[in-house]
Amino acid sequence: MRIESAAGLLKEEMHLLGSLTVETARKYSVPAGGALAVDRNLFSKSITEKIKSHPNILVENRIFDKIEISDDEILIIATGPLTDGVLFEEIKKLCGDYLSFYDAAAPIVTAESVDMEKAFSASRYDRGGEDDYINCPFNKEQYESFIEELINAEGAVVHDFDVYEGCMPIEKLAKRGKDAPRFGPMKPVGLVDPGTGHRPWACVQLRRENSKGTMFNLVGFQTNLKFGEQKRVFSMIPGLEKAEFVRYGVMHRNSFINSPRVLNSDYSLKANTRIFFAGQITGVEGYMESAAAGIMAGLNALRRARNEEPLVLSDKTMIGALTNYISDESVSNFQPMGANFGILPAIEPKIRDKKERYAALAERSLNELRKVL
């Protein structure tokens with residue numbers, strides 16, 4: 001398993017934490033290059049058998065539609081991203097308005113991959129700190145070429161639901177009229193490009209995604225384009241020609257809680273610390289990320305039962321960084337996040353070669369986890 005990839009590092013951390021999922025996946029793996037793929041039938045059968053045969057686990061197959069616990073009980077809610085109906089409403093009672101039903105997310109890039117010789121830091125009309133936003137300015141020719149490619153790019157399968165106006169895909173907005181984005185999320189009003197001394201024809205603004213400023217999202221760029229098309233078209237944005245995308249934009253049905261507002265860093269609910277959330281509903285994106293959240297919720301539920309201090313891993317580990325992201329109160333527009341090196345703190349001195357940098361980040365992560373173990 002290649003630990004110099006974000007997915008590989010996550011699996012190795014889970015392995016060190018005794019993950020049943022990773023152990024079983026390795027046992028029933030099938031050839032898939034550098035990826036960990038499994039024989040789904042053998043994998044699921046083995047997991048099911050181990051759960052059902054465990055002496056401390058009672059499996060009940062029934063509809064669970066009422067969330068009630070006594071003072072001596074601890075509950076972990078791991079209902080998945082398609083939670084609906086009565087249970088959805090029950091979770092909503094616990095989380096208030098901090099429960100989303102649709103995932104409409106803009107792409108995220110690493111800060112270090114933005115070409116600041118073309119982009120510049122500023123807020124519109126100099127409001128707030130000057131580094132609040134990174135601005136990628138277009139001249140008229142660049143803008144028209146970009147819009148042409150955006151309009152004709154290949155979209156993903158359109159799902160059977162509508163999103164509200166504020167989450168309209170950027171490509172759909174462009175199809176309303178080529179100047180529509182320029183008067184919407186790409187409006188240049190209140191900005192001056194220091195490279196020209198003039199207002200740009202259009203501008204894409206990047207907003208901090210986390211408190212450390214290692215990741216930025218493309219403001220207003222919710223999209224339904226295929227991932228490859230996002231990489232191709234959005235790399236036409238001045239300053240993003242070599243951008244490293246840590247997450248592409250998505251638009252699909254996905255129930256998840258606004259974890260930075262409602263969860264503690266041990267995956268317990270702020271309003272009731274005897275209730276934990278785990279899996280994709282917490283806002284982690286991906287199978288292994290969901291299983292990793294389950295490990296941490298399980299360990300901390302046990303610690304809560306024993307009146308022990310919670311286990312919160314260093315954000316230099318991949319699991320710790322994911323946990324830090326979903327519990328980071330500075331994240332104002334929370335959207336699901338998968339494992340990627342962009343959420344880890346930068347390593348100093350900076351290593352320019354990406355492969356070497358990822359290997360160093362992975363080694364640091366595993367060393368941090370071994371200290372805890």
Exercise. Going by atom types alone, do Ser268 and Arg274 pair a side-chain donor with an acceptor below 3.5 Å?
Worked result: no

Exercise. Among side-chain atoms of Ser46 and Glu49, is any donor-acceptor pair under 3.5 angstrom?
Worked result: no

For this session: Give the C-alpha distance, both sets of side-chain angles, the deciding distance and a yes or no for side chain to side chain contact (heavy atoms under 4.5 Å, CB included) between Cys203 and Lys187.
Result: CA-CA 6 Å; Cys203 188; Lys187 63 180 180 289; over 6 Å; no

Problem set entry | Straight-line distance of Glu13 CD to Leu369 CG, nearest 0.5 Å | 5.5 Å

For this session: Any chance you could pull the hydrophobic cluster mates of Ile57, using side-chain heavy atoms under 4.5 angstrom and chaining through other members?
Result: Leu20, Val38, Phe43, Ile47, Ile51, Val59

Exercise. So which residues get pulled into Leu58's cluster when ILVMFWY side chains under 4.5 Å apart are joined, directly or through others?
Worked result: none

Ignoring hydrogens, what is the shortest heavy-atom contact between [X] and [Y]? Give both atom names and the distance.
X: Lys118; Y: Pro137; result: O-CD, 3.4 Å
X: Arg364; Y: Leu344; result: NH2-CB, 4.3 Å
X: Glu171; Y: Thr223; result: OE1-OG1, 2.8 Å
X: Leu269; Y: Cys95; result: CD1-SG, 4.3 Å
X: Phe88; Y: Thr83; result: CD1-O, 3.4 Å

Exercise. Does Phe245 have its ring centroid less than 6.0 Å away from the ring centroid of Tyr248?
Worked result: yes

For this session: Please work out whether the ring planes of Phe138 and Phe146 are parallel, tilted or perpendicular, with thresholds of 30° and 60°.
Result: tilted

Problem set entry | Side-chain touch Lys178/Glu148, heavy atoms, less than 4.5 angstrom | yes

Exercise. Can any side-chain N or O of Asp328 pair as donor or acceptor with the backbone N or O of Asn324 at less than 3.5 Å?
Worked result: no

